[in-house]
Amino acid sequence: MELTQHYDPKASEEKWQSFWEEQGIYRFNPKDTEKEIYSIDTPPPTVSGKMHLGHAFSYTQADIIARFQRMLGKNVFFPFGTDDNGIPTERLVEQLKNVRANRMERQEFIALCLDTLDNELRPKYLQDWKRIGMSCDWSIVYSTIDEHSRRISQRSFIDLFNKGRTYRKQAPVIWDPVLQTALSQVELKDEEKESTFSNIAFKTSDGEDVIIATTRPELLCACVAVFAHPDDARYQMLIGKELRVPVYHFSVKVLADKRVDPDKGTGIVMCCTFGDQTDIEWYKAFNLDLKVALTKDGRMTAIAGKYHGMAVNEARTHIIADMQESGELIKQERIVHTVNVGERSGAEIEILETKQWFISYLDLKDDMLKWGKALNWYPEHMKVRYEHWVKGLSWDWLISRQRCFGVPFPVWYCKDCDAPILAKEDDLPVDPLTSKPPIKKCEACGCSEFIPEQDVLDTWATSSLTPQIATELMKGTPAYDKLYPMSLRPQAHDIITFWLFNTVVKSQLHHGINPWRDVVISGHAQDPHRKKMSKSKGNVVEPQGMIAEYSADALRFWAAGSRLGDDLPFQEKDMVTGKKFITKLWNASKFSFMHLKGYTPEQPEELEAIDKWIISKANGLIKGCTYSMQQYEYARTRLDVEAFFWHLFCDQYLEIVKDRLYNPGERGENAKASAQFALFYTLNAILKLIAPVMPHITEELYQAYFKEWELAPSIHNAAWPSGGPQDEEAELLGDFAVRVVHEVRKAKAQSNKSMKDPVRSLKLKGRFAGILFDKIKDDLAAATKADTISFEEIDEGSEQQWDCVVEV
RNA sequence: GGGCCCGUAGUCUAACGGCUAUGACGACACCCUUACAAGGUGUAGGUUGCCAGUUCGAAUCUGGUCGGGCCCACCA
């Protein structure tokens with residue numbers, strides 16, 4: 001088939017995307033138990049409306065691997081999921097629909113979230129992923145809020161409960177007063193905020209002032225102790241004594257602890273339950289009292305006296321004014337400090353003691369390290385991040401959230417004795433708010449009234465189960481038993497410490513094995529100046545626009561340019577590089593197909609030396625690319641194919657062989673047939689090697705010509721090239737020819753001549769026999785337009801390797 | 001403050017401790033060559049962030065330092 005003058009990427013890409021889906025090119029075959037299965041657990045992206053460039057970068061890399069494994073003949077299990085439960089989705093729906101979850105009926109809000117996801121967000125979102133050419137099996141999709149995921153998530157909770165790994169306890173936790181829920185550390189972010197350091201006077205029993213600096217004077221009512229460093233000479237005499245708290249005039253003890261930094265503030269600090277995380281540590285270590293200063297929505301409680309009911313900031317302003325008046329405020333200083341805020345609400349977090357569910361796992365650190373070692377990390381060094389995280393773990397995993405859009409806890413409590421009653425596995429998924437517990441009477445106390453759990457599970461409690469969620473979609477099929485553990489987890493390096501880690505922990509706790517065999521960690525897409533892309537900086541690039549302008553293949557070509565785990569700055573000019581590569585592929589194929597018209601691919605008895613040369617080079621390329629792809633080094637493959645195709649194949653080989661293809665009358669039919677074979681073999685290999693990176697253009701070219709001989713319905717189901725032996729003699733002769741052509745081109749360029757101008761004479765020397773030179777002589781003459789060519793063999797003893805004298 | 005990674009022509013990038021440090025974009029000159037001017041050929045452009053050290057030999061190994069990224073800790 002002849003190719004048109006120009007390639008239209010937009011039309012072509014959309015055409016093949018529909019083709020792939022209609023023909024089921026990427027279908028996993030659950031009935032096939034013969035072929036090796038390759039299963040991929042991509043972390044489902046959070047539904048946020050649009051795919052961003054970081055997604056395009058990281059998921060393209062995963063897709064390249066999937067396509068390579070498929071071409072190796074494996075049965076590739078590559079489902080697609082979306083992470084759409086929990087706080088992020090609640091916030092998104094609140095914004096889109098201009099509603100507030102806590103001002104609506106709970107069931108009504110849940111219904112609104114589900115409806116918005118199903119009918120607006122998810123379908124549009126999935127479209128973006130299809131548009132970059134993800135080769136997922138789009139008939140195997142899941143959402144972390146669908147019934148299937150809810151069942152698995154609740155089953156996980158019940159299993160961990162039965163294994164004694166979950167517990168419910170009243171404990172100080174990180175609290176978001178705006179969202180009114182407990183949060184975990186990973187849901188926080190740092191923010192620089194202006195604040196005031198207030199130096200306030202506590203009094204000793206002798207009436208002396210002890211000045212303590214604080215940014216949170218409104219918490220004075222919850223002060224339970226004062227701490228000083230045991231070695232701090234200034235305060236040593238105070239240790240063990242009592243101090244009177246300003247405003248409230250109750251007394252607290254001065255205690256010694258090394259956590260105090262003598263250089264900060266006045267070097268002596270008040271402990272309130274709770275102002276910050278250190279307060280929790282002191283509370284636990286010194287068995288201090290609990291004084292609750294704040295309500296769940298961030299207002300002062302009754303112990304705050306005249307400030308009762310005020311919001312934190314309001315109370316702070318008032319108490320500072322009051323202390324100023326009473327003389328208890330000594331000094332004020334404006335400072336800028338970093339505070340933790342909720343990542344979704346932006347609210348400054350508080351610490352409140354509330355009843356929450358936890359998973360206990362701190363006793364498993366040694367095992368966690370073993371589990372991490374058992375994974376194959378690509379690149380290897382990413383394992384270190386996992387290990388450091390494990391070694392630094394100091395809190396159990398808080399899994400309850402006081403929100404409504406999430407997977408419900410499958411739990412009720414006995415009204416009398418508070419004993420938890422769990423749902424039966426067969427009944428899952430359940431919502432305790434709308435269904436009844438599986439028993440009539442509490443086994444412990446006989447009570448027959450039950451209170452449903454209102455909380456929902458942390459979103460990570462569900463997203464850490466994606467290997468189970470994905471593979472169990474295949475339950476009941478012959479392939480099911482071979483899917484777990486999965487072959488590969490591809491993801492970026494920022495989520496090693498929670499998503500990857502949590503998933504390993506869950507798989508180990510449930511099944512005693514790791515969830516995957518290999519872990520491939522990609523880097524981040526950065527802005528042109530290597531800075532992080534963020535909405536607030538205004539440096540975000542939208543992949544949709546790039547695809548529209550330069551094509552998905554061009555974007556993928558860019559994404560394949562980073563070494564494993566490395567960050568890659570995005571520059572629009574790199575889109576041009578990909579686009580040009582596509583054009584070059586199109587044109588070289590156009591040329592090749594033209595000369596392959598009517599050709600039946602079969603190896604001629606004797607190949608021309610130059611043809612042997614390009615085939616040998618192609619075999620070297622295939623060998624190298626196969627190795628690098630097996631090591632997940634797709635960038636290496638991209639680079640090698642790019643260089644081979646453009647320089648060796650187009651600039652050298654095609655130019656040299658042109659004459660034989662155009663003029664079989666003069667050069668002989670055999671010489672043409674030899675070139676045709678090499679052309680067929682090499683271009684076919686090039687297209688296949690780059691197909692994982694650029695699936696659309698390669699499909700277009702495959703369908704236009706190679707399909708007739710390869711038979712596979714798509715290049716993406718065709719066999720990865722197996723290559724063949726390399727030919728030392730052919731490489732020697734071909735490399736020599738290329739060097740000579742280069743010298744001739746240089747001579748012509750320097751005398752401002754056209755490349756088609758004739759060369760008067762060409763005097764060559766080389767370290768091989770003249771009989772070998774004869775094998776490339778005609779091709780050299782044609783490529784250089786040389787009238788006469790002479791060749792002389794260089795003696796063994798000479799230093800000289802080769803020589804070329806050109807007369808233009 | 002801690003951990004891991006990265007730093008190579010104006011920009012992006014390659015390089016088992018060993019040839020004159022690779023290729024692309026951009027620049028310049030030439031060439032409309034029956035696939036491609038979105039092309040070809042050639043030229044210029046480098047103290048491989050900086051400072052030490054190991055080595056016959058360092059972009060590559062070691063230590064330090066500066067800059068960037070991610071994660072963590074601290075944030076009275």
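Just the heavy atoms: all of them, side chains too, but no hydrogens, waters or symmetry mates, feed the values below. Below, chains carry the letters A, B, ... as their sequence lines are ordered, and counting in each starts from 1. Values in this document were obtained by computation on a predicted structure and should not be read as measured data.
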- Task: Output, in order, the C-alpha distance, side-chain angles, deciding distance and verdict of ring pair (Phe, Tyr, Trp, His ring centres under 6.0 Å) for A:W558 and A:Y550.
- Result: CA-CA 11 Å; A:W558 164 76; A:Y550 301 99; over 10 Å; no
- Task: Could you tell me whether A:K365 atom NZ has more than 12 heavy atoms of other residues or ligands within 6.0 Å of it?
- Result: yes
- Item | Members of residues 186-198 of chain A that approach RNA chain B, where some heavy atom sits under 4.0 Å away | A:D190, A:F197
- Does OP1 or OP2 of B:C31 have a side-chain N or O of A:K756 closer than 4.0 Å? no
- Task: Using only heavy-atom distances, decide whether a donor-acceptor pair under 3.5 angstrom links the side-chain of A:K584 to the base of B:C36.
- Result: yes
- d(CG, A:L654; P, B:U34) in whole Å: 15 Å
- Message: Applying salt bridge (charged side-chain N to carboxylate O under 4.0 Å, His left out) as the test, list every pair that has at least one member in residues 272-286 of chain A; sequence neighbours left out.
- Response: A:R259-A:E281
Which protein N or O atoms sit under 3.5 Å from an N or O of nucleotides 12-15 of chain B?
from	atom 1	to	atom 2	distance (Å)
B:C12	O4'	A:Q571	NE2	3.2
B:U13	OP2	A:R530	NH2	2.5
B:A15	OP1	A:R636	NH1	3.2

- Message: Looking only at the side chain of A:N340 (C-beta and beyond, no hydrogens), which of the listed nucleotides B:C75, B:C71, B:G42 gets closest?
- Response: B:C75
- So, is A:T278 close to the B:C75 phosphate, meaning a side-chain N or O under 4.0 Å from OP1 or OP2? yes
- Whole angstrom value for the distance that separates P of B:A38 from CD1 of A:I697: 17 Å
- Winner on side-chain proximity to A:A749, out of B:G3, B:U41, B:G69, is B:U41
- Item | Nearest listed nucleotide, side chain of A:D651, among B:G69, B:G40, B:G3 | B:G40
- Message: Base of B:C71, side chain of A:R385 - is there a donor-acceptor contact under 3.5 Å?
- Response: no
- Message: Between A:E350 and A:R216 (salt bridge meaning N to carboxylate O under 4.0 Å), is one present in this structure?
- Response: yes
